[in-house]
Amino acid sequence: MRTLLKLLGDGEFHSGEDLGSALGVSRSAVWKRLQQLQAETGIEVHKVRGRGYRLASPLFLLDEQVLNRSLNELGWSTQVYDSIDSTNAQAMRLIDGEVALPILVLSEQQTAGRGRRGRKWVSPFAENVYYSLVMRVEGGMRQLEGLSLLVGLAVVSMLRELGIADAGLKWPNDILVGNRKLAGILLELTGDPADVCHVVIGIGINVNMRSAAEVDQAWTSMMQQVGQPLDRNQVVASLSRHLHRYLGEHREKGFGAFHEEWEANHAWQGRAVTLLAGSTAIEGVVVGVDTVGALKLRIGDQVQVFSGGELSLRLRDESASG
Ligand code: ATP
Ligand code: BTN
């Protein structure tokens with residue numbers, strides 16, 4: 001599949017004969033492979049009599065060699081898939097195997113991309129970044145405190161480096177521009193968090209996503225923000241550099257060293273919000289986060305602290321936001 005995609009990736013016409021000789025198969029076999037490709041990836045291939053086949057729009061594929069070069073410098077290895085159920089699920093499956101950690105799992109598409117609490121992460125082929133870094137964590141709870149919030153800071157730093165200055169965080173794990181979701185973070189843990197465990201840091205970033213009818217909330221992409229498609233290899237390399245740096249400092253200093261930086265990047269700092277906890281709705285004003293990443297809300301004249309995976313924030317004065 002990858003060879004065929006690489007051949008067609010430039011968005012130019014390629015004759016069935018040329019594709020067949022590059023792949024070492026007949027013209028009718030090329031046609032069958034193209035049918036399969038369309039079915040598996042949702043990519044649109046146009047056929048024009050006398051000219052051949054062309055993709056509806058050019059593709060920028062992940063390049064394992066290019067990625068390995070930048071990630072090896074960080075001491076990470078990479079696995080790049082054309083298609084996988086979920087990069088987080090695959091990263092989890094690697095944990096008890098032979099591979100050296102940390103390892104980064106990337107895929108061109110996810111067939112069962114997951115968000116928090118069993119929600120779906122929409123993951124079209126070759127448009128976005130689906131990123132799961134798996135690593136071993138020793139040293140108890142402190143190494144995990146605020147970790148998913150810290151990852152948000154790395155994503156924001158990458159976005160700034162690549163020209164998107166106005167991205168903000170939404171507690172606990174969303175990256176927004178205005179009120180549109182650009183990226184989400186899902187950490188999954190296995191083992192004993194108080195002793196030795198493994199953590200999968202899952203990050204989904206809308207890079208060049210064109211349309212996504214299935215996303216049931218306002219969303220945006222890096223392409224929409226900068227006005228042109230981006231090279232996803234560059235997005236992965238930049239994100240990895242920033243993440244590597246933040247993880248190193250977090251290991252040494254804990255989240256306490258970052259909570260002010262996090263607040264400075266919180267899109268909803270000082271805003272009136274509703275905190276949803278199952279069927280309970282709590283109204284308050286965002287004060288910030290504490291040194292372990294828990295949310296501080298002013299409720300009446302008291303400040304209360306909230307943490308846990310089942311919590312969701314909503315703005316109360318939605319119409320007033322950007
Ligand atoms: P929270 O519950 O944390 O307040 P949320 O409503 O965004 O935030 P999450 O579980 O964090 O929920 O994220 C999953 C949701 O993200 C999905 O239900 C869907 O609305 C949205 N979503 C799914 N895929 C994408 C995507 N590619 N881009 C933007 N948003 C997406
Ligand atoms: C959220 O906002 O709910 C978190 C979304 C996390 C999506 C990423 S994409 C890479 C990794 N693999 C998954 O199945 N989920 C995460």
Test applied, side-chain contact (heavy atoms from CB on, under 4.5 Å); reference residue, Val199; option that passes from Leu133, Leu147, Ile95: Leu147
What verdict does the side chain to side chain contact (heavy atoms under 4.5 Å, CB included) test give for Lys296 and Val305, after you've listed the backbone C-alpha separation in whole Å, the side-chain angles of each residue and the deciding distance to 0.1 Å? CA-CA 5 Å; Lys296 295 195 286 185; Val305 177; 4.0 Å; yes
Which heavy-atom pair separates [X] from [Y] by the least distance, and what is that distance?
| X | Y | value |
| --- | --- | --- |
| Leu101 | His198 | CD1-CD2, 3.5 Å |
| Ser312 | Arg119 | OG-NH2, 4.3 Å |
| Gln110 | Asp85 | CB-O, 3.4 Å |
| Trp219 | Arg210 | CH2-O, 3.9 Å |
| Leu62 | Glu108 | N-OE2, 2.8 Å |
| Leu182 | Ser221 | CD1-C, 3.8 Å |

Side chain to side chain, [X] and [Y], heavy atoms closer than 4.5 Å:
| X | Y | answer |
| --- | --- | --- |
| Val155 | Tyr246 | no |
| Val236 | Leu104 | yes |
| Val303 | Leu297 | no |
| Leu311 | Pro172 | no |
| Ile84 | Val105 | no |
| Val289 | Glu263 | yes |

Worked check of side-chain hydrogen bond (donor to acceptor under 3.5 Å, both in side chains) between Arg245 and His242: CA-CA 5 Å; Arg245 176 173 57 81; His242 289 291; 3.2 Å; yes
Between Met222 and Gln225, does the side chain to side chain contact (heavy atoms under 4.5 Å, CB included) criterion hold? Intermediate values first, please. CA-CA 5 Å; Met222 294 180 72; Gln225 296 304 315; 5.6 Å; no
Answer with yes or no whether the side chains of Ser240 and Tyr131 bring together a donor and an acceptor at under 3.5 Å.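 Yes.
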Atom pair [atom1] ([X]) and [atom2] ([Y]), whose distance is rounded to the nearest 0.5 Å:
| X | Y | atom1 | atom2 | result |
| --- | --- | --- | --- | --- |
| Trp121 | Glu214 | CH2 | CD | 12.5 Å |
| Asp18 | Leu7 | CG | CG | 9.5 Å |
| Lys181 | Lys170 | NZ | NZ | 6.5 Å |
| Leu150 | Leu144 | CG | CG | 11.5 Å |
| Ile282 | Phe306 | CD1 | CZ | 4.0 Å |
| Ile175 | Ile185 | CD1 | CD1 | 3.5 Å |

Check: [Y] main-chain N/O paired with [X] side-chain donor or acceptor under 3.5 Å:
| X | Y | value |
| --- | --- | --- |
| Arg232 | Phe60 | yes |
| Arg54 | Asp10 | no |
| Thr291 | Gly256 | no |
| Asp63 | Val66 | yes |
| Trp171 | Gly293 | yes |

Is the [atom1] atom of [X] crowded by more than 12 outside heavy atoms at less than 6.0 Å?
| X | atom1 | answer |
| --- | --- | --- |
| Glu17 | CD | no |
| Asp192 | CG | yes |
| Glu40 | CD | yes |
| Arg93 | CZ | yes |
| Gln217 | CD | yes |
| Arg27 | CZ | no |

Give the intermediate values and the outcome of side-chain hydrogen bond (donor to acceptor under 3.5 Å, both in side chains) for residues Tyr130 and Gln90. CA-CA 12 Å; Tyr130 315 115; Gln90 177 60 13; over 6 Å; no
Steps toward side-chain hydrogen bond (donor to acceptor under 3.5 Å, both in side chains) verdict (His46, Glu44): CA-CA 7 Å; His46 294 162; Glu44 227 183 305; 3.1 Å; yes
Shared ILVMFWY cluster between Leu239 and Val134, side chains joined below 4.5 angstrom?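 Per the 4.5 Å side-chain linkage, Leu239 and Val134 are not co-clustered.
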Test Asp82 against Thr41 for side chain to side chain contact (heavy atoms under 4.5 Å, CB included), laying out the working first. CA-CA 9 Å; Asp82 286 338; Thr41 63; over 6 Å; no
Would you sort out whether Asn265 and Arg160 count as a side-chain hydrogen bond (donor to acceptor under 3.5 Å, both in side chains), showing the intermediate values? CA-CA 12 Å; Asn265 284 285; Arg160 294 225 167 98; 2.8 Å; yes
